[in-house]
Each structure stands twice: as C-alpha cells, then as structure tokens.
Participant: 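What follows is a single structure, and I will ask about it in a moment.
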Amino acid sequence: MNSYTIRNLKDFQLDHIFDCGQCFRWNKTGPGIYSGMAMGRRVTMEQRGDSLTVTPCTKEEFDTIWRPYLDLDRDYGRIKEILSEKDPVMARACEWGSGIRILRQDLWEVIVSFIISQNNNIPRIKGCIERLCRLAEAAPEGGENRRAPGQAGQRAPGQECLRASGQNAGPAGDQYADFPSARALAALEPEDLAPARLGYRARYVIETARQVAEQGLPQTAEQVLSLSGVGPKVANCILLFGMKRYDSFPIDVWVRRVMHELYGFREEDVKGMKAFATAEFGEFGGFAQQYLFYYMRSL
DNA sequence: TGCCAGGTGATCG
DNA sequence: CGATCACATGGC
C-alpha cells in the first residue's frame with residue numbers, strides 16, 4: 001500500500017491532536033498510530049518523532065487533502081508564543097498540549113457530532129457517531145420504504161445507500177463507514193436512529209438535517225444558532241472546528257472548571273469567562289480554548 | 001449505585 | 001431576561 005511521509009514537523013503531536021476533543025472518529029491502534037475516517041477516506045497516520053506517515057496516500061493527496069486537514073501551514077509556534085505571554089496558566093497549557101492543531105473538518109460532520117456531544121461523555125459520543133455511520137450505511141435511502149427488522153443489509157440492487165460517497169464500500173458493520181449526508185438523514189424519522197442510541201438528541205439530528213437539506217449549510221453564527229439542538233456552546237464548537245472561526249471560545253464544563261479553578265471565576269459566571277476570553281485571547285480564542293481543554297482534562 | 005457527561009429547549013416568575 | 005427542569009443513555 002502506498003504511503004506518504006512528511007518530515008521536520010514542528011508543533012505537531014497526533015496524541016494531542018486526536019485527544020483534545022475536537023474530533024471523534026480517530027482511534028489509537030498503537031504508539032503514535034491512529035486509524036480513522038476523514039474527508040471521505042479511511043487512513044492510518046503514524047508519527048515517529050517529527051515525521052508523519054499517512055497510509056494509503058500519494059504526495060498529491062497529502063498536499064490537497066491532509067496538509068490542509070492537519071492545518072500544517074499555520075505557525076502554531078507563534079500562536080503559543082503570543083498566548084503564553086498572556087498568563088502563566090495559559091503558558092503551562094500551551095506547553096502541555098504543545099502539539100495541538102485545529103483540524104479543518106467537514107462542516108456537516110462537525111454539526112452533527114457536536115449536537116450529539118451535548119450532555120454526553122466523550123467515549124459515548126464516539127460510539128454514537130460510529131453507530132450512526134454504520135446504521136446509515138446499512139439502511140436504504142428514503143423514509144417511506146424503510147427496511148423491516150431482520151432485513152438488515154439486504155439492499156436491493158441499485159438501491160442507493162445513505163453514504164455520501166461510495167469509495168469506502170464494505171459490508172454493513174464495517175467499522176469505517178462514511179458520514180451520512182444531510183439529505184440522507186433528512187429522509188429518516190428519529191425512531192430510525194434508535195440503533196445509534198443517540199437518546200433525545202436523535203430528533204435534533206433529524207430536524208437539523210432537514211434544515212440543512214432545505215436551506216444549505218449555515219454560513220453565519222446566527223444561522224448556526226438557528227439549528228435544532230444548537231445552543232451557544234455547540235454553536236461555538238461548530239464555528240471553531242467547522243467554519244474556521246478561530247476566535248470562537250466554546251465554554252463547556254471543562255473550560256468552566258479551568259476558569260473557576262485556575263483563573264478564579266465563579267463557576268456559574270459564564271458571561272464573565274466569555275468576556276475575559278474575548279478580551280484576553282481575542283482572535284486566538286479557539287486555540288486558547290483547545291490548550292486549556294486539553295490541559296484541564298489531564299489534571 | 002448513583003452521579004455525571006464538551007447543553008439545549010421549554011416553561012415560568 | 002434569569003432560573004429551573006426534563007431529557008436518553010451508559011461510562012465510571
């Protein structure tokens with residue numbers, strides 16, 4: 001299988017990147033080795049020191065797909081320098097998560113993933129998303145003639161499946177299925193998602209899929225907030241991880257915890273935290289949030 | 001066993 | 001507005 005290796009990486013650690021809460025479909029399969037789905041492809045990434053090998057991958061694929069996905073052309077050294085000057089807590093956080101990069105993920109996948117993330121824990125979020133992808137792969141298109149229980153996987157010839165692209169075809173149950181499109185999910189009912197165990201979030205996902213299928217993907221913060229199941233926190237995650245809005249500062253329980261324990265805010269003073277982040281971190285709020293999140297979770 | 005998890009939407013004063 | 005509560009599910 002063809003691989004591509006890039007060397008001399010700086011400010012880059014797969015362990016930091018895939019464990020700072022921004023993505024849910026990468027799994028560690030060995031020391032410095034991760035396997036996952038992104039950009040409609042399944043690949044393995046292996047880091048040894050300052051070099052990274054992607055398999056399967058050509059040089060062209062690396063430059064057009066993975067270089068932007070991994071945000072390799074941004075100077076994170078400079079960002080950490082700027083943030084570290086702000087305060088000692090931030091400096092420690094930058095050091096602890098020194099290899100973090102904010103992935104440029106698919107917007108639709110980010111929207112659904114973070115709707116599912118609400119009031120949920122990370123291991124279970126990953127399970128929900130994986131089951132959602134697998135479910136969609138096994139299900140036929142359309143809400144009218146859904147398959148009956150017991151007919152799983154018996155797709156009629158020519159019947160389109162829910163996957164957005166067809167290049168990762170495999171039997172139902174394949175661990176790496178493409179993320180279901182908005183159009184495909186829009187045709188389903190919340191009950192159809194029962195096997196994914198999304199809980200009460202299933203109706204948010206379906207409703208949002210219908211909104212997006214009809215109006216297209218959101219382009220402004222206001223449009224993001226108008227989606228079903230999207231409040232201030234999830235909206236900020238969508239803006240940061242899916243829309244390149246690097247000034248976004250999502251405040252979740254972990255950030256609230258770090259702001260309370262290490263910055264002295266009252267736990268319920270989310271407004272104060274938000275104002276502080278805007279004033280202190282400004283256009284780098286999103287990077288600051290990632291360093292703080294990763295740091296706090298390790299404590 | 002309970003408490004809690006990358007919260008949101010509905011309801012009520 | 002701001003506070004309060006239900007919500008599905010399962011990790012720990």
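All heavy atoms count here, side chains included; hydrogens, waters and symmetry mates do not. First the proteins, then the strands, lettered A, B, ... as listed; each starts at 1.
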Participant: Under 6.0 Å between ring centres: does that hold for F62(A) and Y69(A)?
Facilitator: no

Participant: How many Å lie between CG on L198(A) and P on dT9(C), as a whole number?
Facilitator: 9 Å

Participant: What is the distance, rounded to the nearest whole Å, between atom CZ of F24(A) and atom P of dA5(B)?
Facilitator: 15 Å

Participant: Restricting to side chain to side chain donor-acceptor pair (under 3.5 Å), what partner residues turn up for N120(A), sequence neighbours left out?
Facilitator: R124(A)

Participant: Side-chain atoms of residues 267-274 of chain A: list all donor-acceptor pairs with protein atoms under 3.5 Å, sequence neighbours left out, distances to 0.1 Å.
Facilitator:
residue	atom	partner	partner atom	Å
E268(A)	OE2	R266(A)	NH1	2.8
D269(A)	OD1	G272(A)	N	2.9

Participant: Check the distance between dA8(C)'s P and N121(A)'s CG and give it to me in whole angstrom.
Facilitator: 17 Å

Participant: If we take the P atom in both dC3(B) and dA6(C), what is their distance in whole Å?
Facilitator: 14 Å

Participant: Please table the atom pairs, donor to acceptor, closer than 3.5 Å between any side-chain atom in residues 225-244 of chain A and protein atoms at least two apart or in another chain.
Facilitator:
residue	atom	partner	partner atom	Å
S226(A)	OG	Q223(A)	O	2.7
N236(A)	ND2	P232(A)	O	2.9

Participant: For E60(A), which residues count as a side chain to side chain donor-acceptor pair (under 3.5 Å) partner, sequence neighbours excluded?
Facilitator: none

Participant: When you compare the side chain of F12(A) with that of L72(A), does any pair of heavy atoms fall below 4.5 Å?
Facilitator: yes

Participant: Where do A202(A) and L193(A) come nearest, in terms of heavy atoms and distance?
Facilitator: O-CD1, 4.1 Å

Participant: Could you list all the ring-ring contact (aromatic ring centres under 6.0 Å, His included) pairs where at least one residue sits in residues 209-228 of chain A, not counting sequence neighbours?
Facilitator: none

Participant: Please identify each residue that fulfils side chain to side chain donor-acceptor pair (under 3.5 Å) with R245(A), with sequence neighbours left out.
Facilitator: D247(A)

Participant: Which is true for I122(A) with a 4.0 Å heavy-atom rule: it touches a base, it touches only sugar-phosphate, or it touches nothing?
Facilitator: sugar-phosphate

Participant: What's touching nucleotides 1-3 of chain B from the protein side, N or O pairs under 3.5 Å?
Facilitator:
none

Participant: Who are the side chain to side chain donor-acceptor pair (under 3.5 Å) partners of K28(A), not counting sequence neighbours?
Facilitator: D15(A)

Participant: What string of B, S and - do you get for nucleotides 7-13 of chain B, 5' to 3', if B is base contact, S is sugar-phosphate-only contact and - is no contact with any protein heavy atom under 4.0 Å?
Facilitator: BSS----

Participant: In whole Å, what is the span from the CZ atom of R256(A) to the C1' atom of dC4(B)?
Facilitator: 12 Å

Participant: Looking at R257(A), I'd like to know whether one of its side-chain N or O atoms comes within less than 4.0 Å of OP1 or OP2 on dC4(B).
Facilitator: no

Participant: Ignoring hydrogens and angles, does a donor from either the side chain of R201(A) or the base of dA8(C) sit under 3.5 Å from an acceptor on the other?
Facilitator: yes

Participant: Going by number, which of residues 11-23 of chain A have a non-hydrogen atom under 4.0 Å from DNA chain B?
Facilitator: C20(A), G21(A), Q22(A)

Participant: Report, one line per pair, each donor and acceptor closer than 3.5 Å where one atom sits in a side chain of residues 284-299 of chain A; sequence neighbours left out.
Facilitator:
residue	atom	partner	partner atom	Å
Q289(A)	NE2	P250(A)	O	3.0
Y295(A)	OH	R92(A)	NH1	3.0
S298(A)	OG	W96(A)	NE1	3.0
S298(A)	OG	Y295(A)	O	2.6

Participant: Given the P atoms of dT11(B) and dA8(C), what is the spacing between them in whole Å?
Facilitator: 14 Å

Participant: Using distance only, find each side-chain donor-acceptor pair of residues 97-107 of chain A under 3.5 Å and give its atom names and separation, not counting sequence neighbours.
Facilitator:
residue	atom	partner	partner atom	Å
R101(A)	NE	D11(A)	O	2.9
R101(A)	NH1	D71(A)	O	2.7
R101(A)	NH1	R74(A)	O	3.4
R101(A)	NH2	K10(A)	O	2.9
R101(A)	NH2	D11(A)	O	3.4
R104(A)	NH2	D71(A)	OD1	3.3
Q105(A)	NE2	Q22(A)	O	2.8
D106(A)	OD2	W108(A)	N	3.2
D106(A)	OD2	E109(A)	N	2.9

Participant: Specify the separation, in whole Å, of atom CZ of F114(A) and atom P of dA5(B).
Facilitator: 17 Å

Participant: Grab the CH2-P distance between W254(A) and dA5(B) for me, whole Å please.
Facilitator: 7 Å

Participant: Starting at atom CD1 of I116(A), determine the distance to atom P of dG11(C), rounded to an integer number of angstrom.
Facilitator: 15 Å

Participant: For dT8(B) and dG11(C), measure between their P atoms and round to the nearest Å.
Facilitator: 23 Å

Participant: Would one find a side-chain N or O of R197(A) under 4.0 angstrom from OP1 or OP2 of dA8(C)?
Facilitator: no

